[in-house]
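Report on the following structure.
Because the structure is a prediction, the values reported are computed rather than measured.
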Amino acid sequence: MSDLADHPLRKHIEEITSLSDSDFEYILSHFKYRQLKKHQYVVQADEYVPNDFWVISGCLKQFFIDKNGKEHIIQFATSNWWVTDYDAYYNQTKSTFNIHCMEPCEVLTLSLTNREKLCADMHKVDHFFRRKSNAGYVALQKRILSLLTGTSTERYEKFNKMYPDLINRIPKKYIAAYLGVSRETLSRLYSK
């Protein structure tokens with residue numbers, strides 16, 4: 001990793017609140033760095049979820065397999081995104097979702113214990129996570145509305161806006177699963 005001033009997590013946090021070098025050193029000491037391989041799972045359904053993951057590089061997908069074996073993609077997580085099964089993480093229960101590396105990834109992991117300690121010790125960190133959670137709730141509501149009311153074209157355009165670099169990075173079948181459309185429909189949208 002680079003020096004503290006240029007660390008990507010520091011830049012990410014400082015989009016919301018300023019940090020001194022000692023603030024950031026303390027925050028970073030609560031995270032663990034991990035390199036992950038393509039196809040590696042970081043969360044598996046029916047297992048406990050000890051960590052939240054902040055993505056430095058790579059792409060992960062969060063998905064659910066229904067009783068018919070169909071995959072439903074909840075989100076993709078790329079650089080500067082947070083991802084975990086938050087229900088299982090916060091409530092220390094077993095996961096409903098899988099989270100899988102679509103590419104080699106670098107992540108920072110944060111245990112619930114360390115998150116709570118950081119938030120109790122530093123108002124700035126508590127403020128940061130509250131703002132990130134609020135943004136996540138808003139994004140989730142927009143995604144649900146898009147799936148309920150948006151046309152396939154509108155969903156595709158929103159996907160392009162949210163994940164502009166993924167169109168050519170990941171297989172189209174996963175984009176189609178995220179959008180809730182067939183692979184053929186996605187091909188028609190893609191050709192437009």
Side-chain angles (χ1 to χ4, degrees), residues 1-2 4 6-17 19 24-65 71-122 124-140 143 159 162-163 165-166 169-171 174-175 177-178:
M1 289 268 98
S2 55
L4 291 181
D6 292 329
H7 196 286
L9 180 62
R10 182 174 184 168
K11 289 180 177 183
H12 179 65
I13 294 169
E14 286 187 328
E15 291 173 4
I16 293 175
T17 188
L19 299 172
F24 183 65
E25 280 182 46
Y26 182 70
I27 292 166
L28 190 58
S29 73
H30 290 77
F31 285 81
K32 289 185 180 161
Y33 173 81
R34 287 184 58 192
Q35 286 186 306
L36 306 166
K37 295 179 176 148
K38 184 176 182 176
H39 304 302
Q40 184 173 347
Y41 282 82
V42 296
V43 170
Q44 287 190 276
D46 296 322
E47 291 186 3
Y48 288 97
V49 180
N51 294 305
D52 194 359
F53 301 87
W54 183 72
V55 183
I56 299 168
S57 66
C59 178
L60 297 100
K61 69 173 178 170
Q62 180 178 16
F63 62 100
F64 169 76
I65 304 290
E71 180 177 282
H72 301 273
I73 297 177
I74 307 305
Q75 73 168 336
F76 296 104
T78 59
S79 297
N80 289 328
W81 284 64
W82 293 86
V83 64
T84 197
D85 179 333
Y86 287 104
D87 180 24
Y89 176 70
Y90 287 125
N91 295 308
Q92 298 293 282
T93 58
K94 292 183 178 181
S95 182
T96 303
F97 300 105
N98 295 286
I99 301 175
H100 171 263
C101 297
M102 300 189 70
E103 302 172 339
C105 296
E106 292 179 284
V107 299
L108 291 176
T109 67
L110 182 63
S111 70
L112 182 61
T113 300
N114 280 344
R115 181 190 196 113
E116 289 177 345
K117 183 174 182 341
L118 278 171
C119 288
D121 292 350
M122 297 180 73
K124 289 179 176 188
V125 174
D126 187 56
H127 173 73
F128 169 78
F129 280 120
R130 187 171 34 81
R131 292 273 305 270
K132 292 310 268 182
S133 293
N134 290 348
Y137 296 142
V138 169
L140 180 60
R143 173 144 164 74
F159 178 86
M162 182 177 282
Y163 300 108
D165 63 323
L166 288 188
R169 274 173 62 187
I170 61 174
Y174 298 122
I175 297 171
Y178 176 84

Taking side-chain hydrogen bond (donor to acceptor under 3.5 Å, both in side chains) as the test, write out the residues that go with [X], two or more places apart.
| X | result |
| --- | --- |
| T93 | none |
| W81 | none |
| Y90 | R115 |
| E14 | R10 |

What are the two closest heavy atoms between [X] and [Y], and how far apart are they?
| X | Y | value |
| --- | --- | --- |
| A45 | T96 | CB-O, 3.8 Å |
| V83 | D52 | O-OD1, 3.3 Å |
| F31 | L118 | CE1-CD1, 4.3 Å |
| D85 | F97 | OD2-CD1, 3.2 Å |
| Q40 | R34 | NE2-NH2, 3.4 Å |
| T78 | V55 | O-CB, 3.4 Å |

I'd like to check the salt bridge (Lys or Arg N to Asp or Glu O under 4.0 Å) partners of [X]; sequence neighbours left out, ordered by chain and number.
| X | result |
| --- | --- |
| R169 | E103, D165 |
| E25 | none |
| K117 | D121 |

Rounded distance (nearest 0.5 Å) linking atom [atom1] of [X] with atom [atom2] of [Y]:
| X | Y | atom1 | atom2 | value |
| --- | --- | --- | --- | --- |
| K94 | D87 | NZ | CG | 14.0 Å |
| Q75 | L60 | CD | CG | 9.0 Å |
| M122 | I13 | CE | CD1 | 8.5 Å |
| F53 | T109 | CZ | OG1 | 6.5 Å |
| S95 | Q62 | OG | CD | 7.5 Å |
| I74 | K61 | CD1 | NZ | 11.5 Å |

Can any side-chain N or O of [X] pair as donor or acceptor with the backbone N or O of [Y] at less than 3.5 Å?
| X | Y | answer |
| --- | --- | --- |
| N114 | L110 | no |
| T84 | Y86 | no |
| Y163 | F76 | yes |
| S79 | I56 | yes |

Should S111 and K32 count as side-chain neighbours, where that means a heavy-atom distance under 4.5 Å?
no
CA sep, side-chain torsions, deciding dist, call: H127, K124, side-chain contact (heavy atoms from CB on, under 4.5 Å)
CA-CA 5 Å; H127 173 73; K124 289 179 176 188; 5.7 Å; no
Which label fits H12 and W54: parallel for a plane angle under 30°, tilted from 30 to 60°, or perpendicular past 60°?
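The arrangement is tilted - the two ring planes meet at 30° to 60°.
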Evaluate N51 against V107 for side-chain contact (heavy atoms from CB on, under 4.5 Å), listing each step before the verdict.
CA-CA 11 Å; N51 294 305; V107 299; over 6 Å; no
ring-ring contact (aromatic ring centres under 6.0 Å, His included) partners for [X], two or more places apart:
| X | answer |
| --- | --- |
| H100 | H39, Y41 |
| F129 | W82 |
| Y174 | none |
| F24 | H7 |

Can you sort out the partners of D46 under side chain to side chain contact (heavy atoms under 4.5 Å, CB included), two or more places apart, ordered by chain and number?
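So D46 forms no side chain to side chain contact (heavy atoms under 4.5 Å, CB included) with any residue.
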